[in-house]
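Just below is one structure, and these are the notes that go with it.
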Amino acid sequence: MISGETPLSRERGYGLEKIGAISRYVVFGTFLVSVSAFFIAFLREIHILSEFVHFLLLTTVFAMQLIFFAMFIFVARENLKKASKNNIAPYFLLLFLVYAAFLFSLFSFVWSDYPALVIKKSITIFVPVILLSIVMLFDDNPIKTFNHISLIFVIMSSFSSVYGVMILLIGKINPAPLGVNIYEQYIALDILKVSQIVYGTPPFVRISSFLVNPNKLAVLNSVGIVLTIYLLRINYIKKSTGAFLLFVQAVSLLLTFSRGGILFVALMLFAYFLWFAKKSILQVAGLLLAGVLLAFFLLEIYLVYQSAHPTYLHTDGQSFLERRLSLGLNGRDRIWRPVVEQIAQAPLFGIGFGTATEAILRPLGMEYTVHSSHLQILAELGIAGYALFLLVFFTFGWFALRAMQRPSDLVIRNVGAATFSLVFGFFVHDFLESVIVLWGPFTLLTGYAMFTFLHPRVIGEFVRKGEMRGIPASEDSVYT
């Protein structure tokens, strides 16, 4: 028997020996299809795909996700009762909260000026996460699945890093800009041309590889670095391989010149290794963790206040916020001001989920996202919706922090560290970016990380009692 696999008798006891394996294939295939959105967006940006083809391909990706889920749930529906015999209270509580958030978002079309858009955004963002959580419930070995998904993101991050750095070093920049300080850098090989979008003033440019935007590449690199460390710690990959992958991803992250990305990976690494601290250090680190969250909430309140009540300086006509923070925020203050004004006009229920760009920014000539998931949800769903959003994350955090304080198997602890660091990182990162409120691999990964850790075969009663449920028999080799 391979180290870490559940004994066959256990699987037969639940009648899930085939269903569990199929669920892993469905989850694996879903993420493979999801990351293809990176390439589709890139091909559109370099004008290989038209807008219509781009939309058609993304719609196909979404449809394939739903088809995977629907077919599996139809086949496995009779085994749902068997799969739910374990302790699933934390899992179903989180699923209930996510479903409540979906319903609240969906029914915000009632008071929105863009009802069709609200329905579309609610379905595309929430439905894949909800269906994914149902499929995961059948997984007899969720840690093995998590290792495979981690490997997908590590490979994607490493490949994008090598691709972007290689083009930066030996590629040529097309002097015709695609936009303000936006250029195409390419390597022409006879009939083949590989390229990336770079930002800045040549020769000092920010790479984006095939992810179009440097900040998006920085997020992928940050996720890849953390998951590489996770796979190294459970001996899933060789140390020499892991060291090389960490090096190329770190170089790529630095070349994006993304301060948010560097802060993102620092916060995730802090949250990851927090799981292995001694109890005395854990208390201090917990206070620091709470301090980081409090600082970001206070910063958000401060920015909201300054945006709504600007204090102008007589020297240059700039407000205090613009003077002190515009360089650091890269124009976010200009985007946030109308968003905050809209929050003040509809504070309780907002203007409808997913409509901030269309309802607030586009009429002002700004084709941007809000660049803050927290402000975006406040504007779109009001205080009521934002409270539900916080409840989802804080519920996961509460279960994770409780598990952190209990002794557990080393592999379980590494899974807890990896999933918690991802969720915590995205939550804090999105004070300054909009990632988890947009359809794509990162939103799916955030939900997947939550449900992986709360899966009954990871932190269920049988794990706390030390029974064999997907826990490796040896720490030398994990799910190889």
Indicate yes or no: at least one non-hydrogen side-chain atom of [X] is less than 4.5 angstrom from one of [Y].
X: Leu254; Y: Ile262; result: yes
X: Leu245; Y: Ile155; result: no
X: Phe72; Y: Phe138; result: yes
X: Phe153; Y: Pro441; result: yes
X: Val110; Y: Val118; result: no
X: Phe451; Y: Leu95; result: yes
X: Thr446; Y: Leu422; result: no
X: Arg457; Y: Asn141; result: no

Tell me if the [atom1] atom of [X] is crowded by more than 12 foreign heavy atoms within 6.0 Å.
X: Phe62; atom1: CZ; value: yes
X: Phe55; atom1: CZ; value: no
X: Phe393; atom1: CZ; value: yes

Worksheet item: Given the rule in the side-chain contact (heavy atoms from CB on, under 4.5 Å) test, do Ile130 and Val127 qualify, once you have shown the distances and angles that lead to the verdict?
Response: CA-CA 5 Å; Ile130 293 172; Val127 169; 5.6 Å; no
Return yes if some donor-acceptor pair links the side-chain N/O of [X] with the main-chain N/O of [Y] below 3.5 Å, else return no.
X: His374; Y: Phe427; answer: yes
X: Ser209; Y: Leu211; answer: no
X: Glu380; Y: Ile351; answer: no
X: Ser122; Y: Ile119; answer: no
X: His371; Y: Ser434; answer: no
X: Ser108; Y: Ser105; answer: yes
X: Tyr114; Y: Gly354; answer: no
X: Ser372; Y: Leu375; answer: yes
X: Thr419; Y: Val415; answer: yes
X: Thr443; Y: Trp439; answer: no

Practice prompt. Apply the test side-chain contact (heavy atoms from CB on, under 4.5 Å) to residues Val392 and Phe96: give CA-CA distance (whole Å), side-chain angles for both, the deciding distance (0.1 Å), then the verdict.
Written response: CA-CA 9 Å; Val392 170; Phe96 170 78; over 6 Å; no
Worksheet item: So which of Tyr386, Phe389, Trp111, Phe126 actually passes ring pair (Phe, Tyr, Trp, His ring centres under 6.0 Å) with Phe353?
Response: Phe126
List the atom of [X], the atom of [Y], and the distance in Å for their closest heavy-atom pair.
X: Thr357; Y: Thr369; answer: OG1-CA, 3.8 Å
X: Leu232; Y: Leu246; answer: CD1-CD1, 3.9 Å
X: Gln249; Y: Val154; answer: OE1-O, 4.4 Å
X: Ala379; Y: Val339; answer: CB-CG1, 3.8 Å
X: Ala403; Y: Phe453; answer: CB-CZ, 3.5 Å
X: Phe424; Y: Ala271; answer: CD2-CB, 3.8 Å

Fill in: Steps toward side-chain contact (heavy atoms from CB on, under 4.5 Å) verdict (Thr395, Trp398)
CA-CA 5 Å; Thr395 298; Trp398 184 73; 5.8 Å; no
Response to the item:
Of Val33, Thr30, Val35, the one forming a side-chain contact (heavy atoms from CB on, under 4.5 Å) with Val61 is Val33
To the nearest 0.5 Å, tell me how far [X] [atom1] sits from [Y] [atom2].
X: Lys121; Y: Leu438; atom1: NZ; atom2: CG; answer: 7.5 Å
X: Ile343; Y: Trp336; atom1: CD1; atom2: CH2; answer: 11.0 Å
X: Thr452; Y: Met450; atom1: OG1; atom2: CE; answer: 11.5 Å
X: Met268; Y: Ile225; atom1: CE; atom2: CD1; answer: 8.0 Å
X: Leu388; Y: Ile383; atom1: CG; atom2: CD1; answer: 14.0 Å
X: Met64; Y: Leu32; atom1: CE; atom2: CG; answer: 10.0 Å

Worksheet entry | Asn414 and its side-chain hydrogen bond (donor to acceptor under 3.5 Å, both in side chains) partner, picked from Tyr230, Tyr272, Tyr236 | Tyr272
Fill in: Derivation and outcome, side-chain contact (heavy atoms from CB on, under 4.5 Å), residues His148 and Phe31
CA-CA 10 Å; His148 292 164; Phe31 273 99; over 6 Å; no
Fill in: Phe396 and Phe420 aromatic ring geometry - parallel, tilted or perpendicular at 30°/60° bounds
parallel
Discussion item. Once you measure the plane-to-plane angle for Phe210 and Tyr163, does it fall in the parallel (<30°), tilted (30-60°) or perpendicular (>60°) bin?
Written reply: perpendicular
Worksheet item: What's the verdict on ring-ring contact (aromatic ring centres under 6.0 Å, His included) for Phe442 and Phe38, showing C-alpha distance, side-chain angles and the deciding distance?
Response: CA-CA 11 Å; Phe442 297 131; Phe38 291 143; 5.6 Å; yes
Worksheet item: Looking at residues at least two apart in the chain, or sitting in another chain, which of them share a salt bridge (charged side-chain N to carboxylate O under 4.0 Å, His left out) with Asp139?
Response: Arg24
Let me check something: any side-chain donor-acceptor pairs from residues 213-223 under 3.5 Å, sequence neighbours excluded? List them with distances.
residue: Asn213; atom: OD1; partner: Asn215; partner atom: N; Å: 2.7
residue: Asn215; atom: OD1; partner: Arg206; partner atom: NH2; Å: 3.0
residue: Asn215; atom: OD1; partner: Ser258; partner atom: OG; Å: 3.2
residue: Asn221; atom: OD1; partner: Ser252; partner atom: OG; Å: 2.8
residue: Asn221; atom: OD1; partner: Leu253; partner atom: N; Å: 3.4
residue: Asn221; atom: ND2; partner: Ser157; partner atom: OG; Å: 3.0
residue: Asn221; atom: ND2; partner: Ser161; partner atom: OG; Å: 3.0
residue: Ser222; atom: OG; partner: Ala218; partner atom: O; Å: 2.7
residue: Ser222; atom: OG; partner: Gly261; partner atom: O; Å: 3.1

